[in-house]
Amino acid sequence: MANVQLANICKTYENGYTAVCNVNLDIADGEFLVLVGPSGCGKSTTLRMIAGLEEISQGEIRIGKRVVNDVPPKNRDIAMVFQNYALYPHMNVYDNMAFGLKLRKMPKKEIEARVEKAAAILELNELLKRKPKSLSGGQRQRVAMGRAIVREPSVFLFDEPLSNLDAKMRVEMRKEILQLHRRIKTTIIYVTHDQIEAMTLGDRICVMNVGVIEQVGPPTVIFDHPASLFVARFIGTPPMNIFEGTLRAENSKLIFDGNTIQCPLPSGKATLLKGQEGKNVCLGIRPRALKLVKEGEMPAIVFEGCVDISEMLGEEVHVHVATGTHKYITSINPHEAAALKEGDIRLTPDLSLAHIFDQETGKNLTLPEKVAQDTLPCASN
């Protein structure tokens with residue numbers, strides 16, 4: 001096993017396009033880190049630079065105690081699992097898994113022992129004589145993982161390995177990858193554009209956007225305390241509700257004024273926003289922080305609107321609401337949804353869970369200092 005360190009990593013192509021800019025990241029020995037972001041954010045390029053499949057334009061990559069900038073991929077002690085499996089169609093499962101070891105001229109008994117061990121971990125014992133064309137997508141991906149496991153590398157690299165699978169199989173494979181990590185306890189760096197995969201798999205997630213790191217930390221911390229508007233919108237299903245408005249002082253209170261939506265902010269939030277009166281901001285509230293006002297209840301703050309559409313998802317219902325110029329989503333249980341009257345809806349926000357973002361910079365102005373120190377990239381550089 002080994003830790004991985006990226007120091008000021010950049011990738012600029014000959015046409016001048018910069019895909020990755022000054023990425024700094026420390027990945028602990030045995031950690032499961034997920035690089036997540038939309039297409040084109042630089043996550044796969046970063047992974048390929050770690051693997052040695054892309055040359056870096058600037059910076060330093062360390063795997064364990066070695067600087068590997070000029071080390072060829074085969075000598076970096078890494079194993080990579082690709083999106084398209086990359087299996088040899090004319091070889092059976094055993095030979096696909098053993099191929100890399102045969103190239104190293106490893107003794108036959110050692111090869112057999114490693115393949116059998118990996119096959120047992122991934123429950124492939126009954127499939128060793130079959131060829132890839134007779135396997136399901138999930139089975140092929142397990143073979144690709146087995147081929148990586150037999151090498152016993154210091155670091156595993158996964159490049160969107162579940163993208164070609166259907167929804168049910170993705171859930172099953174996520175579970176298998178987590179179980180694999182618990183068994184082998186090897187450092188894993190995993191790339192995905194799917195934030196649900198990121199949240200369910202990673203010890204930490206690293207959210208990337210246009211070639212830079214927006215925030216890196218444990219999934220629950222990133223979800224509860226997004227550092228920017230981008231992170232707030234990207235992490236979470238459904239995404240965080242964002243309301244544009246301004247801050248104004250009124251009777252010793254700080255008010256978020258979004259025209260048809262106005263609310264006094266809790267004292268803890270107001271303290272963090274001292275001196276920001278008059279600033280154009282965004283109020284961010286997760287859908288589950290908007291609760292349905294029941295008949296007879298009289299909360300201090302009420303958002304009134306009209307139901308646009310409702311999406312029934314089994315254990316919850318996503319209700320899309322329109323209020324003046326604002327549109328937002330609340331997540332409620334099906335029994336509450338069944339009692340909704342046509343058209344009008346009244347919701348009350350839990351403002352202790354709300355965030356205030358700078359409209360211009362996207363920065364979270366109410367991010368706790370400890371969270372900023374632990375999750376913002378600039379804090380560790």
Side-chain angles (χ1 to χ4, degrees), residues 1-7 9-11 13 19-20 23 25-33 35 42-119 121-122 124 132 140-161 177 180-181 183-191:
M1 296 190 291
N3 65 320
V4 178
Q5 292 180 308
L6 310 183
I9 295 301
C10 294
K11 177 62 180 181
Y13 292 96
V20 176
V23 164
L25 197 57
D26 287 347
I27 303 153
D29 188 358
E31 182 178 11
F32 196 134
L33 180 110
L35 299 173
K43 58 188 184 297
S44 288
T45 302
T46 300
L47 193 78
R48 289 173 63 83
M49 286 192 287
I50 296 170
L53 302 177
E54 290 272 7
E55 291 185 1
I56 66 172
S57 304
Q58 176 186 310
E60 183 178 272
I61 298 176
R62 285 181 176 269
I63 298 177
K65 296 181 179 180
R66 290 194 304 162
V67 176
V68 297
N69 289 26
D70 300 317
V71 176
K74 65 179 182 178
N75 296 330
R76 293 195 180 196
D77 197 17
I78 56 96
M80 194 160 182
V81 179
F82 297 91
Q83 177 181 347
N84 61 0
Y85 319 137
L87 301 179
Y88 297 108
H90 62 288
M91 295 182 183
N92 63 25
V93 170
Y94 180 95
D95 289 333
N96 263 284
M97 293 172 64
F99 185 71
L101 304 183
K102 291 177 180 178
L103 288 181
R104 293 187 191 177
K105 302 187 184 304
M106 188 173 286
K108 185 177 180 180
K109 287 187 177 180
E110 177 68 13
I111 293 174
E112 289 176 353
R114 290 196 183 193
V115 172
E116 288 175 5
K117 180 180 177 182
I121 290 172
L122 295 168
L124 292 171
R140 292 179 192 180
Q141 193 55 275
R142 292 212 307 271
V143 175
M145 289 164 58
R147 185 176 53 193
I149 291 171
V150 297
R151 296 183 58 187
E152 299 182 357
S154 296
V155 181
F156 282 100
L157 306 178
F158 287 81
D159 191 7
E160 305 209 39
I177 290 171
L180 171 66
H181 184 241
R183 290 190 191 109
I184 63 178
K185 295 180 172 57
T186 303
T187 307
I188 292 179
I189 306 173
Y190 186 106
V191 161

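Quick caveat, the model's predicted, so the values are computed rather than measured. Nothing fancy with the numbering, it's 1 onward along the sequence.
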Non-hydrogen side-chain atoms of [X] and [Y] separated by less than 4.5 Å:
X: Ile56; Y: Val20; answer: no
X: Ile50; Y: Arg76; answer: no
X: Leu47; Y: Phe158; answer: no
X: Leu33; Y: Ile188; answer: no
X: Arg62; Y: Val68; answer: no
X: Leu180; Y: Phe156; answer: no
X: Thr45; Y: Tyr13; answer: yes
X: Met97; Y: Val93; answer: yes

* Asked: Atom CG of Leu6 and atom CD of Glu60: how far apart are they, to the nearest 0.5 Å?
  -> 10.5 Å
* Asked: Roughly how far, to the nearest 0.5 Å, is CE of Met106 from CG of Leu101?
  -> 5.0 Å
With sequence neighbours excluded, what pairs up with [X] under the side chain to side chain donor-acceptor pair (under 3.5 Å) test?
X: Arg66; result: none
X: Glu116; result: none
X: Glu31; result: Arg204
X: Ser44; result: Asp159

Backbone N/O of [Y] and side chain of [X]: donor-acceptor pair under 3.5 Å:
X: Lys11; Y: Glu54; result: no
X: Asn69; Y: Gly52; result: no
X: Arg183; Y: Ile121; result: yes
X: His181; Y: Gly30; result: yes
X: Gln141; Y: Pro161; result: yes
X: Asn96; Y: Asn92; result: yes
X: Arg142; Y: Leu122; result: yes

* Has Lys102 got more than 12 heavy atoms of other residues, nucleotides or ligands less than 6.0 Å from its NZ? -> yes
* Asked: Closest heavy-atom contact between Pro73 and Ile78?
  ->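 Heavy atoms only, the tightest pair is O-CG1, 4.2 Å.
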* Structure fact -> Nearest heavy-atom approach of Ala2 to Asp29 is N-OD1, 3.3 Å
* What's the verdict on side chain to side chain contact (heavy atoms under 4.5 Å, CB included) for Val155 and Ile189, showing C-alpha distance, side-chain angles and the deciding distance? -> CA-CA 8 Å; Val155 181; Ile189 306 173; 4.3 Å; yes
* **Chi angles and distances behind the side chain to side chain contact (heavy atoms under 4.5 Å, CB included) call for Asp26, Asn3** => CA-CA 8 Å; Asp26 287 347; Asn3 65 320; over 6 Å; no
* Would you please name every residue forming a ring pair (Phe, Tyr, Trp, His ring centres under 6.0 Å) with Tyr88, sequence neighbours left out? =>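 Scan of Tyr88 (ring pair (Phe, Tyr, Trp, His ring centres under 6.0 Å), adjacent residues dropped) gives Phe99.
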* Start with the C-alpha distance between Ile61 and Met49, add both sets of side-chain angles, then the distance that settles side chain to side chain contact (heavy atoms under 4.5 Å, CB included), and finish with yes or no. => CA-CA 8 Å; Ile61 298 176; Met49 286 192 287; 4.2 Å; yes
* Structure fact -> Sorted by chain and residue number, the side chain to side chain contact (heavy atoms under 4.5 Å, CB included) partners of Asp77 (sequence neighbours excluded) come out as Pro153, Ser154
* Test Arg151 against Arg104 for side chain to side chain contact (heavy atoms under 4.5 Å, CB included), laying out the working first. => CA-CA 10 Å; Arg151 296 183 58 187; Arg104 293 187 191 177; 3.1 Å; yes
